[in-house]
Amino acid sequence: MAIQTITWISAFLCLVQVFSMPMPCQLQGQLVRTTHNLLRDMGGHFPLECLQENVFMAFPATAFATSGAPHVRAIYETLKNIDTLFGTDKLPTMWDQQKLEYFQNIIYRQIEESECMSSVDTSDYPIRAEGLKTYFGNIAAVLKEKNFSYCAWEVVRKELLYTLEFILKHTSDSLLWSNRT
């Protein structure tokens, strides 16, 4: 009886130890890939009728130039900026609405699960953040300038696809992957 009690107490203490361990503060790579794929698939190719409204926006690759905490923080801030862009009620109706909603939910989930990123202390991050702020400010300006038109949203989608592709290609080592193949 005493051995059985000690076994149960030991098992309980092991479980308490495991479940009390801090969860890692990392962004999930598979969710970033899913958001990219949803954004790609919800609208198809860039529409020919929108070519005249297509504008060049310099991507701030320098915000992602180093590895480690500044790198991950730039990804986190990028997701927050994407969430802000899609926080309007003037979203395109020509896109697949189910995919759009799923896209927004995954972006929100990534931000919520990685909120600890906002407190990561990185001395050079403010300089890097300025590039992201300018980039997303330009994207928001295009939307407002074009009165949230379908073509303006297509320009936004094109830019965000490039951004997410860049993150997946150049910063994937900073993301958490469950089963990487």
Side-chain angles (χ1 to χ4, degrees), residues 18-46 57 59-122 125 128-129 131-140 142-143 148 152-181:
V18 168
F19 288 111
S20 66
M21 294 175 70
M23 296 299 291
C25 184
Q26 278 189 297
L27 294 162
Q28 295 182 40
Q30 191 57 44
L31 290 179
V32 174
R33 178 177 288 143
T34 300
T35 56
H36 171 271
N37 293 344
L38 284 166
L39 191 60
R40 179 195 64 210
D41 298 341
M42 74 176 68
H45 296 293
F46 193 83
M57 289 183 236
F59 178 73
T62 56
F64 302 91
T66 63
S67 61
H71 205 129
V72 175
R73 178 114 181 246
I75 299 169
Y76 172 74
E77 292 296 329
T78 297
L79 294 174
K80 281 179 54 180
N81 280 297
I82 291 171
D83 186 55
T84 301
L85 288 172
F86 283 85
T88 182
D89 57 355
K90 299 176 183 176
L91 295 170
T93 56
M94 295 178 80
W95 288 352
D96 183 318
Q97 295 301 300
Q98 187 175 13
K99 288 180 181 176
L100 177 59
E101 187 175 329
Y102 190 37
F103 170 83
Q104 290 176 290
N105 288 337
I106 293 175
I107 292 289
Y108 179 77
R109 176 181 166 191
Q110 284 278 77
I111 294 166
E112 287 297 307
E113 289 178 357
S114 306
E115 194 142 345
C116 55
M117 299 274 175
S118 61
S119 63
V120 173
D121 183 32
T122 55
Y125 184 73
R128 298 172 191 286
L132 285 173
K133 183 178 177 183
T134 301
Y135 179 65
F136 282 100
N138 291 341
I139 292 174
V142 166
L143 273 174
F148 296 88
W153 276 109
E154 284 295 330
V155 170
V156 169
R157 190 169 72 92
K158 174 194 64 109
E159 289 297 320
L160 296 182
L161 279 170
Y162 180 81
T163 302
L164 292 170
E165 278 179 36
F166 183 90
I167 289 170
L168 289 168
K169 285 182 183 175
H170 300 283
T171 67
S172 66
D173 290 345
S174 299
L175 301 171
L176 179 65
W177 297 90
S178 56
N179 282 332
R180 199 151 194 196
T181 54

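Keep in mind it's a predicted model, so treat the numbers as computed, not measured.
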J.: In chain order, what residues pass the ring pair (Phe, Tyr, Trp, His ring centres under 6.0 Å) check against F136, with sequence neighbours excluded?
T.: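 By the ring pair (Phe, Tyr, Trp, His ring centres under 6.0 Å) rule, F136 matches no residue at all.
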J.: Is the closest basic N to carboxylate O distance between R109 and E112 below 4.0 Å?
T.: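 No, no charged N to carboxylate O under 4.0 Å.
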J.: Identify the heavy atoms of S114 and Y76 that sit nearest to each other, and give their distance.
T.: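 The answer is O-CE1, 3.3 Å.
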J.: Could you check whether any side-chain heavy atom of F64 comes within less than 4.5 Å of a side-chain heavy atom of H170, counting everything from C-beta outward?
T.: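 The answer is no; the side chains never approach within 4.5 Å.
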J.: NZ/K80 to CD1/I111 distance, rounded to the nearest 0.5 angstrom?
T.: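 So the gap between those two atoms works out to 7.5 Å.
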J.: Does the side chain of Q110 reach to within under 4.5 Å of the side chain of T35, using non-hydrogen atoms?
T.: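 Of all side-chain heavy-atom pairs linking T35 with Q110, none is under 4.5 Å.
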J.: How would you list, by chain and number, every residue that makes a ring pair (Phe, Tyr, Trp, His ring centres under 6.0 Å) with Y102, sequence neighbours excluded?
T.: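 Per chain and number, Y102 pairs via ring pair (Phe, Tyr, Trp, His ring centres under 6.0 Å) with no residue.
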J.: Show your reasoning for whether side chain to side chain contact (heavy atoms under 4.5 Å, CB included) applies to T163 and Y135.
T.: CA-CA 10 Å; T163 302; Y135 179 65; 3.1 Å; yes
J.: Mind listing the closest non-hydrogen atom pair of L168 and G29 along with its distance?
T.: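 Scanning both residues, the minimum pair turns out to be CD2-O, 4.1 Å.
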J.: Taking the side chain as C-beta and beyond, is there a heavy-atom pair between D41 and D96 under 4.5 Å?
T.: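 Of all side-chain heavy-atom pairs linking D96 with D41, none is under 4.5 Å.
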J.: Rounded to the nearest 0.5 Å, what separation is found between the NZ atom of K99 and the CG atom of N37?
T.: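 Answer rounded to 0.5 Å: 9.5 Å.
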J.: Run the side chain to side chain contact (heavy atoms under 4.5 Å, CB included) test on Q104 and L91 for me, step by step, so that the C-alpha distance in whole Å, both residues' side-chain angles and the decisive distance to 0.1 Å come before the verdict.
T.: CA-CA 11 Å; Q104 290 176 290; L91 295 170; 3.6 Å; yes
J.: Take atom OH in Y108; do more than 12 heavy atoms of anything else shown fall under 6.0 Å from it?
T.: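 Check fails, neighbour count at 12 or below.
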J.: Rounded to the nearest 0.5 Å, how far apart are CD1 of I107 and OG1 of T78?
T.: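 So the gap between those two atoms works out to 9.5 Å.
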J.: Do the non-hydrogen side-chain atoms of L161 and F46 ever get within less than 4.5 Å of each other?
T.: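 Not touching, per the 4.5 Å side-chain cut-off.
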J.: Could you grab the distance from atom CD of Q98 to atom CE of M42, nearest 0.5 Å is fine?
T.: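 Those atoms lie 11.0 Å apart.
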J.: Given 3.5 Å as the limit, does a donor-acceptor pair link the side chain of D83 with the main chain of L79, or not?
T.: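 No; judged by distance alone, with no hydrogens or angles, the pair does not exist.
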J.: If we only count heavy atoms from C-beta on, is the M57 to V142 side-chain gap below 4.5 Å?
T.: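 With C-beta onward as the side chain, the pair touches.
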J.: Determine whether a donor-acceptor pair (N or O, by modelled atom type, separation under 3.5 Å) exists between the side chain of W153 and the backbone of K90.
T.: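 Yes, the answer is positive, given that a donor and an acceptor are paired below the 3.5 Å cut-off.
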J.: Can you confirm whether more than 12 heavy atoms, excluding those of E101, are under 6.0 Å from its CD atom?
T.: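 No - once you tally the heavy atoms of other residues, nucleotides and ligands closer than 6.0 Å, there are 12 at most.
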J.: If I take atom CD1 from residue I106 and atom NE2 from residue H36, how far apart are they, to the nearest 0.5 angstrom?
T.: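 So the gap between those two atoms works out to 13.5 Å.
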J.: Closest approach of A63 and L132, non-hydrogen atoms and distance?
T.: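 Heavy-atom minimum between the residues: CB-CG, 3.8 Å.
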J.: Where the side chain of R157 meets the backbone of L39, is there a donor-acceptor pair that is under 3.5 Å apart?
T.: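 Yes; at least one donor-acceptor contact below 3.5 Å.
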J.: Test L164 against I82 for side chain to side chain contact (heavy atoms under 4.5 Å, CB included), laying out the working first.
T.: CA-CA 10 Å; L164 292 170; I82 291 171; 4.3 Å; yes
J.: So which heavy atom on L85 is nearest to which on T88, and how close?
T.: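 Between these two residues, the closest heavy atoms are O-CG2, 3.7 Å.
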J.: If I take atom OG1 from residue T84 and atom CD from residue E77, how far apart are they, to the nearest 0.5 angstrom?
T.: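 With rounding to 0.5 Å, OG1 (T84) is 9.5 Å from CD (E77).
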J.: Please check if atom NZ in K158 has more than 12 non-hydrogen atoms from other residues, nucleotides or ligands closer than 6.0 Å.
T.: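 Check passes, neighbour count above 12.
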